[in-house]
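These figures come from a predicted structure and were not determined experimentally. The figures here come from the full heavy-atom set of this structure, side chains too, leaving out hydrogens, waters and symmetry mates.
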Amino acid sequence: MVRKVVSEIVSYVNGDLLERNAAKFFPGLSRKELFKKPRHWDKIFPAADPHISGDEEPTTWHLRQAIERAQKWLLQKQDPQQGYWLADLRADTTIESDMIMLYIFLGWQDRPPVREKIQKLALYILHSQNLDGGWPIYRNGASDISATFKAYWSLKLAGYAADDARLVRARKCLFQLGGIHKINSYSKFYLALFGLYDWAGVPAIIPELVFFPNWFYFNIYEMSSWTRGIVIPLSIVWAKRPKIALPSNGRIDELFPAGTPAWVPVGGESFNPPEGFLSWRKFFIEVDSFLKDFEGQGPYFLRSWALKKAETWMLNHNEHSEGLAAIFPAMLNTILALKALGHTDHHPVLQKNLKELEKFYIDRGEAGLEIQPCVSPIWDTAISMLALSESGVRADHAALVRATRWILDCEIKIAGDWRVKNTTGPIGGWAFEFENAWYPDIDDTAMVLLALRRVKLEGPLAHAREKAFLRGINWLMSMQSTNGGWAAFDIDNTKAIFNYIPFADHNAMIDPPTADVTARVLEALGLVGYDKSYPSVQRAINFLKSEQEADGSWYGRWGVNYLYGTWQAVRGLTCIGENPAEPYIQNALIWLRSVQQPDGGWGERCDTYEDPTRKGKGPSTPSQTAWGLMAFLSCGLLEDPAVERGVRYLLNTQRADGTWEETEFTGTGFPKVFYLEYTYYRHYFPLLALGMFQRLQRQSHHRTRRKMTSPVAVSEIV
């Protein structure tokens, strides 16, 4: 009986701590006898399989086993030399399609190594085809017209015949989705390079944009950072309009049935018609038409000057970076622009961007060659550190110290594009990728700061951490927008009028403040003592209140979708000192309870960006279940039925190696257009949630024990 009581206590309190002190309370029993497993232990707490079922309460034994497995797996994934974590970052097949187009653009398709890559890229595209013949922009999603067209054309460029059964199905799907004139403007842009679409049907992207001064209402710094990286190289290509030889197998005449136009003007079938007589969309379509009519009529030296200025900007922004903006579209467009300007294949910046693109390759064996849109080492490392620390890994663990050293080396030391609108802010912060100094990321910086405070350091490394932390906090504070929120890369990048420009159909022309990033910044500020007495904090809280949906949820800009935004908003608000009993926070929890799945998990698909009535609906996923759980745990709710069911879901779905399976995309690039699968979300977010639950559970037990035990006895145990 004594053994059973002690063992039960061990399962509810830190076992190692109590084991060291247990002899004080039970001096008559040997250590071996004291901690011998009681009879039927394996039936009560099966060590080999920590899963639970039915209405059984999740026990601390199950919890510890699940956490230890997840910790072990994550620790094994750390780079042993440098100390970072790096997960595969997956997207849709438009990237593989564009890469095939690039090889054809360069004329390299007959080179044996390139020919092999093209075939493997095509194989991956084919493996991703939907049953209806099209291609989606996220796994398990409906076929998308632009993704379907790009896949179809790239397969033809790779040598597949139009009468191939898979292309026949793709062509049928493409027509059902509206036909070739409905594809996005960037797809038409690439077609025009090969003479397959008239430039008159492609939105004008003039290089003279770089002339507009920063104080002018329209200038490149009023566009989002990623749009600048995409558009400035394309403006060079638009002005030069190189004519690229097209292999005979690359023609797509079958997509233009007899009697249909070979192209449509901007504002025709390719765009939604403007509503009413006057609209900004109609205005910009007229501007587009004017620019095309005026093309070639102005002084030649202005165009030459604009091209030189755009090229200089592009080349400068390739320094201190893995490639322009360190993202696939901008890097690909840089190569197109350099070739359009007449540079050879040996140009150092062209070679750099091409090599960096090929670092994104993932060989999937029989499934072909996949390409990542970029890499996410700082993001993955910071969240992994948080998850390990929250789940009980020692603060001075060698893995955390190595990761800290690596992260400190990645701190940004130059002023990037953000300095244009934030002229007085200090230099600091972190990017998303290995190197992207022009674009420190507010979200990543906040996450890094949260991780850095979790590590116990000594000596020079501790001093370096404190200095970097202060620079990061000060930079974050300087990046607050006028409306009280924080965006991803800029301040006050909010001119919604830019969304009506004809080439804005990637749905991310601007970078306005969002609830999820704002809340994460508040979480970081709360960590170091900021509270509601600070005006900047109060403005941020007001911003979050203004962004809340009528049903209590928050929109998620950088994660799918309302589950992500709601979790992060609740987390940030409670960390900065908002009372969880506030009605608007309780409304968020009510909404989360209302969308919890029957299996205890939470799930939501990318279609909620198109159809908000779908919010909170979708198959349960480990990452989104973790987000839902952490919203409740941030409010201190341990015994809520939603928490118990969520914990049970995570324990039941964990695999034997400590990981979780997830087939849905839960990351967001550009809403409605581009989505991401962060392949470690399914691992470190559940570990973070279970660790948070374990910590709060132990704190609750300690408080209970303090009420039941004399101060002397408690002090002896602690």
Requested in this report: State yes or no: are the ring centers of Y84 and F434 separated by less than 6.0 Å?
Outcome: yes
Query - Salt bridge present between K359 and E322 (N-O < 4.0 angstrom) - result: no
Query - Sub-6.0 Å ring centroid separation between F194 and W153 - result: yes
Query raised in the report: Is the number of heavy atoms from other residues, nucleotides or ligands within 6.0 Å of CH2 (W305) greater than 12?
Result: no
Query raised in the report: Can you check whether F665 and Y138 have ring centres sitting under 6.0 Å from each other?
Result: no
Query - Carboxylate-amine/guanidinium proximity below 4.0 Å for K117 and E358 - result: yes
Query raised in the report: To the nearest 0.5 Å, how far apart are OG in S97 and CG in L157?
Result: 9.5 Å
Report task. Measure from the side-chain N and O atoms of S128 to the backbone N and O of Y124, and report whether any donor-acceptor pair falls under 3.5 Å. Result -> yes
Query - C374 SG to F328 CZ distance, which is reported to the nearest 0.5 Å - result: 11.5 Å
Query raised in the report: With R115, which residues qualify under salt bridge (charged side-chain N to carboxylate O under 4.0 Å, His left out), at least two apart?
Result: none
**Report entry** Test side-chain hydrogen bond (donor to acceptor under 3.5 Å, both in side chains) applied to Q109 - qualifying residues, sequence neighbours left out
**Finding:** none
Requested in this report: Could you tell me the separation between the OG1 atom of T148 and the CZ atom of R171, rounded to the nearest 0.5 Å?
Outcome: 13.5 Å
Report task. List in chain and number order the residues that pass salt bridge (charged side-chain N to carboxylate O under 4.0 Å, His left out) with D164, two or more places apart in sequence or in another chain; answer none if no residue qualifies. Result -> R166
Query raised in the report: Aromatic ring centroids of F189 and W199 under 6.0 Å?
Result: yes
Query - Salt bridge R90-D88, side-chain N to carboxylate O under 4.0 Å - result: no
Report summary line: One should read off an interatomic distance between W238 CH2 and I236 CD1, to the nearest 0.5 angstrom, of 13.5 Å
Query raised in the report: Below 6.0 angstrom between ring centroids: does that apply to F149 and H181?
Result: no
Query - Contacts of type side-chain hydrogen bond (donor to acceptor under 3.5 Å, both in side chains), residue K77, not counting sequence neighbours - result: none
Query raised in the report: Is a salt bridge present between D345 and K339, judged by a nitrogen-to-oxygen distance below 4.0 Å?
Result: yes
Query raised in the report: Under 4.0 Å between a Lys/Arg side-chain N and an Asp/Glu carboxylate O for D505 and K672?
Result: no
Report task. Work out which heavy atom in M447 is nearest to a heavy atom in A382; give both atom names and the distance. Result -> CG-CB, 3.7 Å
**Report entry** From D198 atom CG to K188 atom NZ, the distance as rounded to the nearest 0.5 Å
**Finding:** 11.5 Å
Requested in this report: Would you list the pairs meeting salt bridge (charged side-chain N to carboxylate O under 4.0 Å, His left out) in which at least one residue belongs to residues 210-224, sequence neighbours left out?
Outcome: E222-K421, E222-K495
Report task. Show your reasoning for whether ring pair (Phe, Tyr, Trp, His ring centres under 6.0 Å) applies to Y190 and F105. Result -> CA-CA 9 Å; Y190 295 151; F105 175 91; 9.0 Å; no
Requested in this report: Nearest 0.5 Å please: distance from the CH2 atom of W475 over to the CD1 atom of I427.
Outcome: 11.5 Å
Query raised in the report: What residues form a side-chain hydrogen bond (donor to acceptor under 3.5 Å, both in side chains) with S187, not counting sequence neighbours?
Result: N184
